Visitor: 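Please see the structure below; I have some questions.
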Protein chains: 2
Amino acid sequence: MSTIVADGATPGEPARLPTIGAAPEPGLRLRTIPEATVARLTTYLRVLDRCALVGAELRVDGTISSDELAALVGINPAKLRKDLSYLGSHGTRGVGYDAAALRSTLQQALGAHETYPVAVVGVGHLGSALAAYPGFPARGFPVRALFDTDPLKIGRPVAGITVSDIREAALVCRREDVVIGVIATPEPAAQRVADVLVAAGVRSILGFAPGQLTVPADVEVRRVDLALELQLLAFHEIRRGDVAAARQAVP
Amino acid sequence: MSTIVADGATPGEPARLPTIGAAPEPGLRLRTIPEATVARLTTYLRVLDRCALVGAELRVDGTISSDELAALVGINPAKLRKDLSYLGSHGTRGVGYDAAALRSTLQQALGAHETYPVAVVGVGHLGSALAAYPGFPARGFPVRALFDTDPLKIGRPVAGITVSDIREAALVCRREDVVIGVIATPEPAAQRVADVLVAAGVRSILGFAPGQLTVPADVEVRRVDLALELQLLAFHEIRRGDVAAARQAVP
DNA sequence: GTGACTTTGTGCCCGGGTTCACAAATGACT
DNA sequence: AGTCATTTGTGAACCCGGGCACAAAGTCAC
Ligand SMILES: NC(=O)c1ccc[n+]([C@@H]2O[C@H](COP(=O)([O-])OP(=O)(O)OC[C@H]3O[C@@H](n4cnc5c(N)ncnc54)[C@H](O)[C@@H]3O)[C@@H](O)[C@H]2O)c1
Ligand SMILES: NC(=O)c1ccc[n+]([C@@H]2O[C@H](COP(=O)([O-])OP(=O)(O)OC[C@H]3O[C@@H](n4cnc5c(N)ncnc54)[C@H](O)[C@@H]3O)[C@@H](O)[C@H]2O)c1
């Protein structure tokens, strides 16, 4: 089985959602939407959701122009139109987009009408916070299973969900239709947990532990490295200092 | 005052660490390191740290080749060399890099020898987890201040730090030399908190609340949007399903 | 010292993402 | 009906990061 290593890249990954398998298979042509575009599409949908909820911010006839929507999400209007064009033409020239129709299109394209059951492994500080976060189920990601190895935690309820033994992962994941696995264990356990999740049929993993994860090629891994985020901010801080020093040195 | 909007981009941001100010200022030439490179540099440093700690995995003469280091971090050797070349030439052709010297160079370049005091605003589920995370101080990011508006939390210790009233942010941040602010409040409060942090002199912000933040141009904002990460995984799941369906439909 | 081997540093190309700018389409107004 | 203002959709140029491949440079063996 060929394996890939989850690249530790948080920003600037080239990934363009290639056909999952190896060869591009000449016969079937799935439209390939850049990952950056997918990310923005979700923000468009969120803004439209909020508009629909509040009722404000869109015209009486229920349309919204690319300029208006772009301003709301803080983005270039041309980029927005190009993003939307990946889904086909759904706007009316001279008018704009029908907000309700656009919302529906985005929901369809992003699969926002479905739910994706999530399992969180490692019910520590971070795992508990994730389990209790209401924003996940609100967006279609209900946490349906919690796993740990700590006997003191197994069997106890956290955020309304009983913590299961990690050894029952395969059983519980299949029973709860878990589609996405979140790894919130200490780093040394992360690889083992990933293996367990993969064996349980989970093919999408979100990892919080630093370090690499090696998984089969058909498993998608995303990593969130908070210490790295701070490091990048710190680097900016240094640069800023350098700039200030240089400014002062060369008047 | 010119303001910028923190782009909601998690992946694929073009950001190339431009000179912070407006004009590139012809006189002073700061070497511009791509953000993606900075991110990888930190992982190189981590791996070197671990090697130095364990003592293993590097040769007896204390050198390591780009191929070896690249394999350890799971990355293309050429990319690694190019990354390192941004810091100047520090390797010896025919031999490799002196591990200790490289580590020192990376520490210097990334400012890893300094500490960057952090303040966390919003001591809820997520904020408490962040405050208790030992990985932050271990990497030079001690959490020195916690802020909240909840009277039940103010004055109480969390992870050894007494929670302060957000109204004392300016005072406490200056006293504790806070350089980085982390926003872990509900979304509606995020913008106000950002304003408070900026007023307190914080110019680097890590935000967990969805939605945009508007800040002055000299303030650096990074956003972590966990729901977006799940959404991107879900999109892959859809694509996978589509591929499978298409495969089945076109035999 | 010389030759063979190893490894770095980097020029070059490629593919993807962002942006501009404009033609096409549509509705409103006369 | 015709004209004009408005807005979409997209071709094309530009920029940036990734990866290949090779010359330069240095080491080691003899
Ligand atoms: N807490 C944070 O704010 C934070 C920030 C950045 C990164 N992280 C990363 O997130 C991960 C979790 O952090 P945390 O602070 O929640 O840690 P934690 O120590 O509070 O919790 C870890 C949990 O994982 C469980 N666990 C250990 N091995 C396991 C295994 N093999 N299978 C299942 N469960 C197992 C432990 O019993 C514990 O409940 C770590 O890798 C950490 O580096 C956390
Ligand atoms: N918990 C998670 O796993 C998770 C996941 C993704 C995103 N987030 C985001 O992180 C943020 C925090 O999430 P949480 O689960 O910790 O929320 P929470 O409700 O548990 O905690 C929020 C805390 O912020 C405090 N607060 C409210 N207004 C404030 C203000 N103006 N100034 C200072 N403090 C204030 C509250 O008193 C509370 O203690 C939210 O924006 C949420 O969307 C959280």
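Nothing here was measured: the structure is a model prediction, and the numbers come from that model. Note on naming: letters A, B, ... go to the chains in the order of the sequence lines (proteins, then strands), and numbering restarts at 1 for each one. Excluded from the calculations below are hydrogen atoms, water molecules and symmetry mates; all remaining heavy atoms, backbone and side chain alike, are included.
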Visitor: Between P on C/dG9 and CG on B/Leu84, what's the gap in Å once rounded to a whole number?
Guide: 7 Å

Visitor: Quick check against the 3.5 Å criterion: does B/Glu68 have a side-chain atom that pairs as donor or acceptor with the backbone of B/Ser65?
Guide: yes

Visitor: With a cut-off of less than 4.0 Å, is there a side-chain N or O of A/Tyr97 near OP1 or OP2 of D/dG9?
Guide: yes

Visitor: Could you state the NZ-P distance from A/Lys79 to D/dA13, rounded to the nearest angstrom?
Guide: 21 Å

Visitor: Using only heavy-atom distances, determine whether the side chains of B/Gln231 and A/Thr42 contain a donor-acceptor pair under 3.5 Å.
Guide: no

Visitor: For the pair made of CG in B/Leu69 and P in C/dT8, what is the distance, rounded to whole Å?
Guide: 10 Å

Visitor: Check the pair B/Thr37, B/Asp83 against side-chain hydrogen bond (donor to acceptor under 3.5 Å, both in side chains), reporting the backbone distance first and the verdict last.
Guide: CA-CA 6 Å; B/Thr37 292; B/Asp83 286 343; 2.9 Å; yes

Visitor: Between the base of D/dG19 and the side chain of B/Lys82, is one N or O donor paired with an acceptor at under 3.5 angstrom?
Guide: yes

Visitor: Just the rounded figure in Å: distance from C1' of C/dT18 to CG of A/Asp83.
Guide: 10 Å

Visitor: If the sugar-phosphate is the primed atoms plus P, OP1 and OP2 and the base is the rest, what is the B/S/- string for nucleotides 21-30 of chain D, using protein heavy atoms under 4.0 Å?
Guide: B--BBSS---

Visitor: Rounded to the nearest Å, what distance is computed from the CG atom of residue A/Leu80 to the P atom of nucleotide D/dT7?
Guide: 14 Å

Visitor: I need the B/Leu206 CG to A/Leu233 CG distance, nearest 0.5 Å.
Guide: 6.0 Å

Visitor: Salt-bridge test for B/Arg222 and B/Glu35: reply yes if a basic N is under 4.0 Å from a carboxylate O, no otherwise.
Guide: yes

Visitor: Between B/Glu68 (CD) and C/dT7 (P), how many Å, whole number?
Guide: 7 Å

Visitor: Any donor-acceptor pair under 3.5 Å linking the side chain of B/Arg139 with the backbone of B/Ala112?
Guide: no

